[in-house]
There are 2 protein chains.
Amino acid sequence: MNIKTVAARAGVSVATVSRVMSGSALVKPETTAHVRRVIEELQFIPSASATTLKTGHSRNYGVILPDITNPYFAEFIREFESLLEDQRQDVLLATTERPERMENSIRRMLTSQVEGVVILIADEEFGPNYDRLTLRKIPAVTIDRLTVAPMMSDVAFDFDTGMLQAVEHLAKFGHREIAFIGGIKGLATSDRRKQAFVKGMRACKLRAKKQWLLDGLYTVDSGDAAMRALMAAEVRPTAVITVNDMTALGAMRAAHELGFSVPGDVSIVGLDDIELTRVISPALTTIQLPRRELARACVECFAHMLKHPKKPGLQRILESRLVVRRSTGPAKR
Amino acid sequence: MNIKTVAARAGVSVATVSRVMSGSALVKPETTAHVRRVIEELQFIPSASATTLKTGHSRNYGVILPDITNPYFAEFIREFESLLEDQRQDVLLATTERPERMENSIRRMLTSQVEGVVILIADEEFGPNYDRLTLRKIPAVTIDRLTVAPMMSDVAFDFDTGMLQAVEHLAKFGHREIAFIGGIKGLATSDRRKQAFVKGMRACKLRAKKQWLLDGLYTVDSGDAAMRALMAAEVRPTAVITVNDMTALGAMRAAHELGFSVPGDVSIVGLDDIELTRVISPALTTIQLPRRELARACVECFAHMLKHPKKPGLQRILESRLVVRRSTGPAKR
DNA sequence: CTCCTTAATGTAATCGTTTTCATATTGCGT
DNA sequence: ACGCAATATGAAAACGATTACATTAAGGAG
């Protein structure tokens, strides 16, 4: 079943059918109606491969991420896909747990001739993989890398605002001993979060103790381990801010298992605002990164790059803000 | 950049290049090596749309699900994608929150000419949408529907085993008053879980009280609400089994917020074994549905249907089993 | 040395659309 | 009634791969 069948059945040429499908104005209304009826009757659906081959547009966008199981990514995908759906575009998924597999993911994107790629992999160097994209003029959007080039945009978060709000919030509760469980040292997105914390502390005239600036792995287990380390020391923080919500979840689990009450004994602040923050108890106070705006910013970046292939990509900054829930409370004295 | 460029550069015909790419044996080893070098040098990547158009194979599989944010689905996708990757296939995602959008999702799958679709939507009637798939001989796999037809397979779970283990496990702890928080009434997958529970109770010589067989929505909030209802009654169950882990999480949250300890005051058993069961505290005892085997079964079903288009699809049943963690303990007397 | 088989490569048709260009039809002014 | 826009449609050439068929080269048997 193809456009020819439809044309024959409708008694018109394939060109006319094609025009009807694309909504071209050059077709007589009656013809349009008639052809539409035949299309409906035959349940005709045009072949994407033929269309793509001819037009050069695949209507596919790729997303490369380390783990779809991580709620942060899953929630992004949901928003992104919903935006694309409105534009009748599809999303192609490539999971890349380890950076070594990046080449494979990029190849899959290239063969599928995606019209853009969102790269949600943080711990990976720019390299020949990216050249392969730009070489083919495929726009890419990275997250939180702050680097921009032709056909390469970046959307980053401003952690300062949210982090300042978080520290102020804790300070208001009387907390002075605040620890930070960070992410992977050396990763831009990780270091910037830590810096934002230090900055927030300074703004509140609090000292960020060196031994309370921990590194981690963004995972529940690493949050758990870091929390145990913090609580095992002779002098313990009364509040902890974490690099992401999963880490906070781990920290909270550790606190519970060590017999500390949250927020009675320790207050905990996360970062991301994944939906899980509301399913655990106490609900997590966290610094919200707007997921929907992130997806929207990606779409904008793609539009910009497709329009101005020679110009550098966009650099968008999204605000973060504190969402207060139940995991923070007055400092124990 | 296309196959012609490569052919010209290598001084051979396009046919030879094509043969080299597909690994055909009819090419002299030296020629193969030479062409390979040129392909590498030019970073040539063949156009998927052209290949698909010509061969009729898109190397794409579709997955239609209600919400990628639900860990159960996300974990399935991860396994499924990883299996497909080995076969150099891609996954196309279509999120369908409400059944009304099913038609749209199916259309997207059809235009993309997927070679198979996994349908993870439970609350939806078979209807013209499915005819559109079978009409085009596109194999589909449904989950837990127990219906099979040509080009339609189903992989279901046997809840009986796991449920029996769960009830036995609770009974051994002295529980006699066990409630069940179910899913959406009338859904096959939901009703079968409830029946398995009742059956398990009977096998253990326990009575499943009518007022302790609740319906729900598979969500955290519905688990929360159901738990509150259970605990507000004058006579309370000492253990609760839920239709899925998200419901169990909600139940656990409600218990905590009402001041009940888990498992001190109530034991809770989930179903699914999503990764979250290990991040919350206490870690959730749950009936495990093997995610990886589910993905593998889907792949097998596709293979079968592609091989035997006329025969009815496969019906695979996967076992469930109890995984004991910390949310269950001795019954309070 | 010729004939025939086998191996290696090339030629060209094809997949299902879109789109340019050509053609047919219509309406309108004079 | 004629010519000329404007409008509606059709014919055919792409897009980039695959593959059936044709061709050439080489090797072996008689």
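Here is the naming used below: chain letters follow the sequence lines, and residue numbers restart at 1 for every chain.
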Show me the donor-acceptor pairs within less than 3.5 Å that the side chains of residues 35-42 of chain B make with the rest of the protein, sequence neighbours left out.
unit_1  : atom_1 : unit_2 : atom_2 : d
B/Glu41 : OE2    : B/Arg9 : NH2    : 2.5

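Atom NZ in A/Lys4 sits roughly 14 Å away from atom C1' in D/dG10 (whole-Å rounding). Rounded to an integer number of Å, the gap from B/Met1 CE to D/dG16 P is 12 Å. Taking atom CD on A/Gln113 and atom P on D/dA17, their separation rounds to 9 Å, with Å as the unit. If you take NZ of A/Lys54 and P of D/dA17, they are 15 Å apart, rounded to a whole angstrom. Summarising the geometry, the separation between CZ on B/Arg59 and C1' on D/dA17 is reported as 14 Å, rounded to the nearest angstrom. The CG atom of A/Leu53 sits 14 Å away from the P atom of C/dC15 (whole-angstrom rounding). Going from atom CD of A/Glu30 over to atom P of D/dT7 covers 15 Å, rounded to whole Å. Separating the CG atom of A/Asn2 from the P atom of C/dG16 is a distance of 5 Å, rounded to the nearest angstrom.
Dashed line: the shortest gap from a side-chain N or O of A/Ser18 to OP1 or OP2 of C/dT18 is under 4.0 Å.
A ring pair (Phe, Tyr, Trp, His ring centres under 6.0 Å) check over residues 70-90 of chain B, counting only residues at least two apart or in different chains, returns the pairs B/Phe76-B/Phe80. The ring pair (Phe, Tyr, Trp, His ring centres under 6.0 Å) analysis of residues 83-105 of chain A, with sequence neighbours excluded, yields no pairs. Applying the side-chain hydrogen bond (donor to acceptor under 3.5 Å, both in side chains) test to pairs two or more places apart or on separate chains, those with a residue in residues 92-107 of chain A are A/Thr95-B/Glu81, A/Thr96-A/Ser105, A/Arg98-A/Glu100, A/Asn104-A/Arg107, A/Asn104-B/Glu85. Applying the side-chain hydrogen bond (donor to acceptor under 3.5 Å, both in side chains) test to every pair with at least one member in residues 301-317 of chain B, sequence neighbours left out, gives these pairs: B/Glu300-B/Arg316. Among residues at least two apart or in separate chains, ring pair (Phe, Tyr, Trp, His ring centres under 6.0 Å) pairs with a member in residues 84-134 of chain B are B/Phe126-B/Tyr130. Applying the ring pair (Phe, Tyr, Trp, His ring centres under 6.0 Å) test to every pair with at least one member in residues 27-62 of chain A, sequence neighbours left out, gives these pairs: A/Tyr61-A/Phe302.
A salt bridge links B/Glu75 to B/Arg291: at least one charged side-chain nitrogen sits closer than 4.0 Å to a carboxylate oxygen.
Five base pairs at each end of the helix from C/dC1-D/dG30 to C/dT30-D/dA1 define two local axes, and these are offset by 60° (rounded to 10°).
In this structure, the side-chain hydrogen bond (donor to acceptor under 3.5 Å, both in side chains) partners of B/Asn244, at least two apart in sequence or on a different chain, are B/Thr247. Among residues two or more places apart in sequence or in another chain, the side chain to side chain contact (heavy atoms under 4.5 Å, CB included) test is passed with A/Ser112 by A/Leu92, A/Val114, B/Asp90.
For the pair B/Ser153 (side chain) and B/Gly313 (backbone), a donor-acceptor distance under 3.5 Å is absent.
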Using atom names, set out every protein N or O paired with an N or O of nucleotides 5-12 of chain C below 3.5 Å, distance rounded to 0.1 Å.
unit_1 : atom_1 : unit_2  : atom_2 : d
C/dT9  : OP1    : B/Thr31 : OG1    : 2.6
C/dT9  : OP2    : B/Lys28 : N      : 2.9
C/dT9  : OP2    : B/Thr31 : OG1    : 3.3
C/dG10 : OP2    : B/Ser13 : N      : 2.6
C/dG10 : OP2    : B/Ser13 : OG     : 3.0
C/dG10 : OP2    : B/Thr16 : OG1    : 2.8
C/dG10 : N7     : B/Arg19 : NH2    : 2.7
C/dG10 : O6     : B/Arg19 : NH1    : 3.4

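If you check residues 35-45 of chain B against DNA chain D, the residues with a heavy atom closer than 4.0 Å are B/Phe44, listed by number.
Backbone-only engagement by A/Thr55 is indicated by non-hydrogen atom pairs under 4.0 Å involving sugar-phosphate atoms exclusively.
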